[in-house]
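In what follows, a structure is listed as structure tokens, so that the remarks can point back to it.
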Amino acid sequence: MQHRVAAIGGDGIGPEIVAAGKEVIDAAGERFGFDIAWTDFDIGADRYLDTGELLTEDDIRELSKFPALYFGAIGDDRVKPGILEKGILLAIRFHFDQFINLRPIKLLEGVTTPLANRKPEDIDFVVVRENTEDFYVGIGSRFKGVREQKTLEVVRDLYNVKFGLDVETDADELAYQIGVVTREGAERAIRYAFDLAENRERKVTSVDKANVLSDVYGLWRDVFTDVAAGYPDVATEFNFVDAVTMWFVKNPEWFDVVVTPNMFGDIITDLGAMIQGGLGLAPGGNINPDGTSMFEPIHGSAPKYRGQDVANPLATVWAGSMLLDHLGEHEAAAAVLRAIERSILDGFVTRDMGGAKKTSEVGRYLAALVKTV
Ligand code: IPM
Ligand code: MN
């Protein structure tokens, strides 16, 4: 069996951690009888600085031929914040309608969590982050002056929305950003979370801020309630986002599946990453169940460590395990996770986890382990 996967190393430490991930995935393929045909793409800051190109029409056409993309990291200190993030990473998520951002929060055996006395069985849940809407739609404006008229549009596979705005002000300078939640957009994310919960511990927590942002998150809650009615055997709960940051720390064992709009999902998964042992261990999948999905570590590109072979590849390798799951290679996916766990128990880790190993050494070690664990 052969799978075609596109690899985008991206910026900073991205290419190094993706190289390690590919090695581990290839080794898993040797053991479990499949082969990955990798195609590398040079999308990222270097190309942008050379040619001015972010995500091009050509890229989109080529990438759309793959069921899965393996992505390193984006962000470079030579480029103003926001350009690469929006022009590449978010552009891929939106263009391919990767409406789920799946982020497991799982404490592996041998990992130290900053939460005192917590064990692996206490920290094991998943965050389903809606990935195409909310304050991430990228529409807003910033102006000086008394009046601005503007048309702002969101174009999606699922729907289009157009705002005709006429803003008058006597403020010196003004900026606004519009968040969009639709019934269709919320429903497909929430339904995904309930389907997932049916195969786990049958509990779904909605995280929002419906007490203040009551239009956008009021709609989100209504949709949650409507979807929940179709899953009578799944327990449900609402948490406000400020409170959930407290509960993640105080009672992580309460959570099973957490579903949340895009921006809160971004924020609470960095907290989730920390309680599972740090950003070096946190993977994510940007999923379109019927299209092109993308798997990546949730951390950034750490430009200052670029080329030093010191970055922790475990989050990327774990993202590789999610990629394998997505491709239907479930046994291989499980073996990759066991290899990660084994390497941690062996103390064969990079310096952020208290070890002294190089990125490439960890990759090689995991590639050997995955053939036997
Ligand atoms: C993440 C990142 C991105 C996000 C950035 C780089 C656009 O923080 O994947 O969590 O905000 O979604
Ligand atoms: Mn983030």
Side-chain angles (χ1 to χ4, degrees), residues 8-15 17-18 21 43-45 48 54-55 68-105 126-140 154 156 177-181 185 189 207 241 244-245 248 258-288 292-306 311-312 314-316 318-320 322-323:
I8 306 171
D11 306 330
I13 58 172
I17 54 183
V18 164
I43 300 166
Y48 172 69
L54 292 161
L55 185 72
L69 319 178
Y70 196 33
F71 192 92
I74 201 81
D76 187 290
D77 35 21
R78 296 165 296 173
V79 183
K80 203 171 132 218
I83 308 251
L84 301 164
E85 291 83 346
K86 288 199 270 188
I88 295 175
L89 185 63
L90 295 182
I92 294 176
R93 289 180 185 169
F94 297 162
H95 184 85
F96 292 110
D97 204 22
Q98 295 164 344
F99 61 89
I100 298 299
N101 196 328
L102 189 64
R103 297 186 159 182
I105 310 295
V126 314
V127 176
V128 174
R129 168 185 176 190
E130 196 291 322
N131 212 26
T132 62
E133 299 198 317
D134 199 31
F135 289 98
Y136 270 68
V137 292
I139 57 172
V154 181
R156 291 282 182 271
Q177 198 104 35
I178 294 180
V180 174
V181 170
V207 171
V241 64
V244 96
T245 61
F248 272 16
V258 173
V259 65
T260 185
N262 210 339
M263 192 172 72
F264 298 145
D266 177 45
I267 298 167
I268 66 174
T269 51
D270 268 27
L271 174 60
M274 199 42 70
I275 67 173
Q276 75 184 127
L279 273 168
L281 275 163
N286 301 272
I287 295 170
N288 175 340
T292 297
S293 298
M294 170 169 67
F295 299 84
E296 54 169 346
I298 82 167
H299 62 68
S301 60
K304 68 178 174 196
Y305 298 123
R306 173 190 175 132
N312 184 352
L314 292 185
T316 309
W318 194 339
M322 295 178 74
L323 182 151

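Predicted model, so just to flag it, every value in this text is computed and none were measured. Order of appearance sets the numbers: ligands from 1, and atoms from 1 within every ligand.
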Distance under 6.0 Å and angle within 45° of ring axis: Arg129 vs Tyr136: yes
Arg129 heavy atom under 4.0 Å from ligand 1: yes
Among all protein heavy atoms, pick out the one at the shortest distance from atom 8 (O) of ligand 1; state its residue, atom name and that distance to 0.1 Å. Asp266 OD1, 3.3 Å
Using only atom types and a distance under 3.5 Å, with no angle test, would you say the side chain of Asn288 pairs donor to acceptor with the backbone of Phe96? yes
heavy-atom search around atom 7 (C) of ligand 1 in the protein gives Glu85 CB, 3.8 Å
Closest N/O/S atom of Asp266 to the Mn ion (ligand 2), by atom name? OD1
Determine, considering heavy atoms only, which of Ile88, Leu84, Leu89 sits nearest to atom 3 (C) of ligand 1. Leu89
With a 3.5 Å distance limit and no angle check, can you tell me whether Asn286 reaches the backbone of Arg93 through a side-chain donor-acceptor pair? no
Look at atom 4 (C) of ligand 1 and say which protein heavy atom is nearest, naming residue and atom and giving the distance to 0.1 Å. Tyr136 OH, 3.4 Å
Under 3.5 Å between any N/O of Asn101 and any N/O of ligand 1: does that happen in this structure? no
Would you mind checking which non-hydrogen protein atom is closest to atom 1 (C) of ligand 1, with the distance to 0.1 Å? Arg103 NH2, 3.4 Å
With no hydrogens and no angle check, is any side-chain donor or acceptor of Arg156 less than 3.5 Å from a backbone partner on Thr132? yes
Is there a donor-acceptor contact under 3.5 Å from the side chain of Gln98 to the main chain of Thr292? yes
Should the proximity of Arg93 to ligand 1, defined as any heavy atom under 4.0 Å, be assigned to the side chain, the backbone, both, or neither? side chain
If you apply the rule side-chain contact (heavy atoms from CB on, under 4.5 Å), what do you find for Val154 with Glu133, and how did you get there? CA-CA 9 Å; Val154 181; Glu133 299 198 317; over 6 Å; no
Examine distances only and state if a side-chain atom of Ser301 and a backbone atom of Gly75 form a donor-acceptor pair shorter than 3.5 Å. yes
